[in-house]
Amino acid sequence: MNNNAAIICIDDELTILHSLKAELLRLLGSEYIIELADNGQDGIELVKELLADGWQIPLVIVDYLMPQLKGDAVLAEIHRLSPDSFKIMLTGQASLEGVVNAVNQARLYSYITKPWESKNLELTVNSALTYFKQSQAVYDLTREQAFLIKKLRGDEQRLQQFLDALPVSTLILNIEANIVYHNRKSAQLFPILNTQAQISALALCQQYPPYQRDTETPYPCDKLPIKDVLLGKPCAIPDLVIRFDDHVIHLEISGEPIWDQLGQVAYAIFVLQEITHRVQAEDFLKHYNQHLTEEVNIRTHELAEQNRVLQQQEQQLRQSKELAEMANHAKSAFLANMSHELRTPLNAILGYTQLLQRDRSLNNGHINGLNVIQRSGEHLLTLINDVLDLSRLETGRLSLNVEDIYLHAFFYQLLSNFQLQAEQQQLEFVLVLNEQSYPVATLDKRFNWSAIPFNVLGDEKRLRQILLNLLSNAFRFTQQGGVYLHLSYQQDYLTAKVQDTGCGISDERLQSLFTPFQPEIQYDNTQSGIGLGLPLTQQLVRMMQGELSLETQVGKGSCFSFQVCLPEQQKAVVHDTHSYVSAHLTHPAAILIIEEDEQQLAYYRSLLGQLGFQSYHSPLSQALSQLRQLTMTNLLPQAILINLTLNITEVIHFLIELQHSAHYKNLIVIIYSMNSELALQLPETAKYDHLLTAPLQLPQLQLVLQKFNPRLNDNQYLEDELLAQWQLPALEHLTKLYNLAESGNLKAVQTKVNQLLQQHTELEGFVRYTEQLCQQFEIKKLKNLLHKAVQQETLASS
């Protein structure tokens, strides 16, 4: 009995119900669940619920005399719901009519008088449950037999279907060689099987005489291996031919004996596979192979001739490829040389322009003319750089120069460069920072840039090149409306969008928009530029792990967007004050220039003179000798400025010699080249301190030189005099201020100096000047001032 079996007891007297349940639990243990109901209607509902949940109800015990529904009516309804359940009536006052009704309508098994005797209750209940189990077993056995018979019949039908579905003819012979079974394919092959209920294999052979392949002689029927199979020997005939009036078929025959349980052959099964198509295919292939052999001989001769021609063409293609590679190398060499030749005079033009701009005696007209010369020279330099960069990209030689980028100052300077153009074109120029709009005209150096980090790691030159190209195009193609720069920063990625309300880009122009040297189309259909800006911009964005995308609509404007990886850089706070103290410098500081171009040499000497340096000159081949002479006369320079493109091998040798010499290994070495990738060819033993890109610009050179000569800044002499006059904070406070400035926390610098002023009013001069630099966002000047103050106080305390 499964666990899902319940015995139901129904009586309106709760005492009798619980007593009955206790007796049943004592008799049956936990084999059955005992369910109780105190009226007939609840008992019927209980039966319905148990049956719905899949429970068996082997026994129902019902009191006869109950209000509303009497026991015979309850048993009749339960019998309708569960006819297999055995029913017992409890009665003390049952009428004969009630008992008869229960027997007739509910198949009453028995009744027990109240009060019952335990022995009588035990016998009656056990008897009913035993009969229930037996009836269930008989029912299960009968159902299983019916299932097996049905399954056997189904298996026979499926087997018949399988055999009829076989694409081969199947014949089963008994021990007398009579055909006792054939499938549908056999009847199609031998129609006589449809007309005769039973036929022998010999009669079938005589009706359809077989032939051996490629012969006209019938195969002897007594030679067929039918008897061998019936004697227990399998057989196989690979090819047997049967001729009909209108066609011929080829058969492959195999036979197997079927054994009974006693090990005797009872039947033989033969499978006849029609192979007519295969035989025809073999014959066709035989003839075709002969034809193919002849064709192969002809084609072999033709292919040999074609192979000879292809070898000649391959040789020509190889030569063409070598010529193309040579031409490509020649193009790259030409561009590099041409870039060098063009930038050499440009270097002098831009350099002397910057020097002249510092001349206070020039009037406004001269200064405006110098500004035009500088802008034109810088534009020409940009075009040269674009051509060279594109050439390097094509050959995979362009690399990123990753360094610190101060984003706040970077974007402030970038926006300032285009503000005048926006005013001249009467266009709206807006910065959208994290979805918040700010007109660029209202921005000043005190603008809160906290939405983007202060310091990140990346290639500042390439990032500026990308944004300059996109913003320049936006202003060039916009005649009304505005230009909008969207910026956001999240998880080390800077997202930028340059949106304009210009003329938009047509579908025809989009097809070649990022193809180099395609003429650019202005809004008035005039051509401008050499078409390198956008192709180069796209390649630079990809180098910085990003992708340039475009949304545009003719007459509505365009939006270029990109996302590049610029990890936020946390500056290390310096705790060693003495690390900022430079070595005692000779006055004026001296630099040895290793340059062989007279024009460049004259410019660099003039440039260094403007910066307060004394300069010496030497060719590369005589540089070591010149250093020895300067050392002997106590004029050893503090730095060496060397052109890397003079002779890379000799430059490497020179740098290694400097490291090996105790006199020169502490010299500051600055190398410069129009091709900064040449520095990658230097071995680790050829050490240098700074790498600059030619043509050298005044701010670029000044920034590097002031790292070891802090006298170099726009207000150097004024600051020296002020530092000499001011009362300065203690050394520990100056060090703290320098660390805050180095990390870019200008607000903290202002807070700190004001706290010092409250405690020491004599520091007012120093504090007010420091506040002014913070408010004007002059980070470099602030760090330089604090650097010199730290040096001055350190030397004073030593």
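Keep in mind that the numbers below use all heavy atoms, side chains included, and drop hydrogens, waters and symmetry copies.
Inter-residue side-chain proximity for Thr495 and Ser561 is flagged as unmet; no heavy-atom pair is nearer than 4.5 Å. For the pair Phe411 and Leu433, the minimum side-chain heavy-atom distance is 4.5 Å or more. No side-chain heavy atom of Ile670 sits less than 4.5 Å from a side-chain heavy atom of Asp689. Side-chain atoms of Leu414 and Leu471, non-hydrogen and from C-beta on, do get closer than 4.5 Å to each other. Side-chain atoms of Lys747 and Asn745, non-hydrogen and from C-beta on, do get closer than 4.5 Å to each other. By the 4.5 Å heavy-atom criterion applied to side chains, Val753 and Glu771 are counted as neighbours. Side-chain contact check for Tyr672 versus Asn643: some heavy-atom pair is nearer than 4.5 Å.
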Practice problem: Mind running side-chain contact (heavy atoms from CB on, under 4.5 Å) on Asn473 and Phe560 for me, showing each step along the way? | Solution: CA-CA 10 Å; Asn473 285 342; Phe560 287 88; 5.8 Å; no

Quiz item: Are Ile593 and Arg605 close enough, and set up right, to give a side-chain contact (heavy atoms from CB on, under 4.5 Å), and what steps lead you there?
Solution: CA-CA 8 Å; Ile593 306 173; Arg605 298 191 74 165; 3.7 Å; yes

Exercise. Determine, stepwise, if the pair Met544 / Phe562 fulfils side-chain contact (heavy atoms from CB on, under 4.5 Å).
Key: CA-CA 10 Å; Met544 300 176 73; Phe562 64 90; over 6 Å; no

Exercise. Please assess Phe410 against Ile452 for the test side-chain contact (heavy atoms from CB on, under 4.5 Å), listing each intermediate value before the final yes or no.
Key: CA-CA 12 Å; Phe410 172 85; Ile452 57 177; over 6 Å; no

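The CG atom of Leu487 sits 7.5 Å away from atom CG of Leu415, with the distance rounded to the nearest 0.5 Å. Note: Asn469 CG to Gln538 CD = 12.5 Å, rounded to the nearest 0.5 Å. Expressed to the nearest 0.5 Å, how far CG of Asn455 lies from CG of Leu566 amounts to 11.0 Å. Put simply, NZ on Lys497 and SG on Cys559 are 6.0 Å apart, with the number rounded to the nearest 0.5 Å. Taking CD of Gln563 as the start and OG of Ser488 as the end, the distance is 7.5 Å to the nearest 0.5 Å. In this structure, Leu655 CG and Ile640 CD1 are separated by 8.5 Å, a value rounded to the nearest 0.5 Å.
The side-chain hydrogen bond (donor to acceptor under 3.5 Å, both in side chains) search around His408 returns none, not counting sequence neighbours. Partners of Phe475 according to the ring pair (Phe, Tyr, Trp, His ring centres under 6.0 Å) rule, which considers only residues two or more places apart in sequence or in another chain, are Phe418, Phe429.
Between the side chain of Tyr412 and the backbone N or O of Trp449 there is no donor-acceptor pair closer than 3.5 Å. With hydrogens and angles disregarded, a donor-acceptor distance shorter than 3.5 Å links the side chain of Gln425 to the backbone of Thr478. For Thr552 (side chain) and Ile505 (main-chain N/O), a donor-acceptor pair under 3.5 Å exists by modelled atom type. Formation of a donor-acceptor pair under 3.5 Å by the Ser558 side chain with backbone atoms of Leu550 is not found in this model. Under the 3.5 Å distance criterion, the side-chain polar atoms of Thr501 are matched with a main-chain donor or acceptor of Gly482. The main-chain N or O of Lys780 is never found under 3.5 Å from a side-chain atom of Asn784 such that the two would form a donor-acceptor pair.
Other residues, nucleotides and ligands place more than 12 heavy atoms under 6.0 Å from the CD atom of Gln419. Around NZ of Lys752, the count of heavy atoms belonging to other residues, nucleotides or ligands within 6.0 Å exceeds 12.
Annotation for Pro453 and Leu407: closest pair O-CB, 3.4 Å, computed over non-hydrogen atoms. Here the shortest heavy-atom pairing between Phe454 and Ser743 reads CD2-O, 3.7 Å. Of all heavy-atom pairs spanning Leu728 and Ala789, the tightest one is CD1-CB, 4.3 Å. The minimum heavy-atom distance between Ala496 and Leu467, with the atom names listed, is CB-CD2, 4.4 Å. Across Ala741 and Val749, no two heavy atoms sit closer than the pair N-CG2, 3.9 Å. Tyr438 approaches Gln436 most closely through the heavy-atom pair OH-CG, 3.1 Å.
At a cut-off of 3.5 Å, with distance as the only test, no side-chain donor of Asp459 or Gln465 sits close to an acceptor on the other residue.
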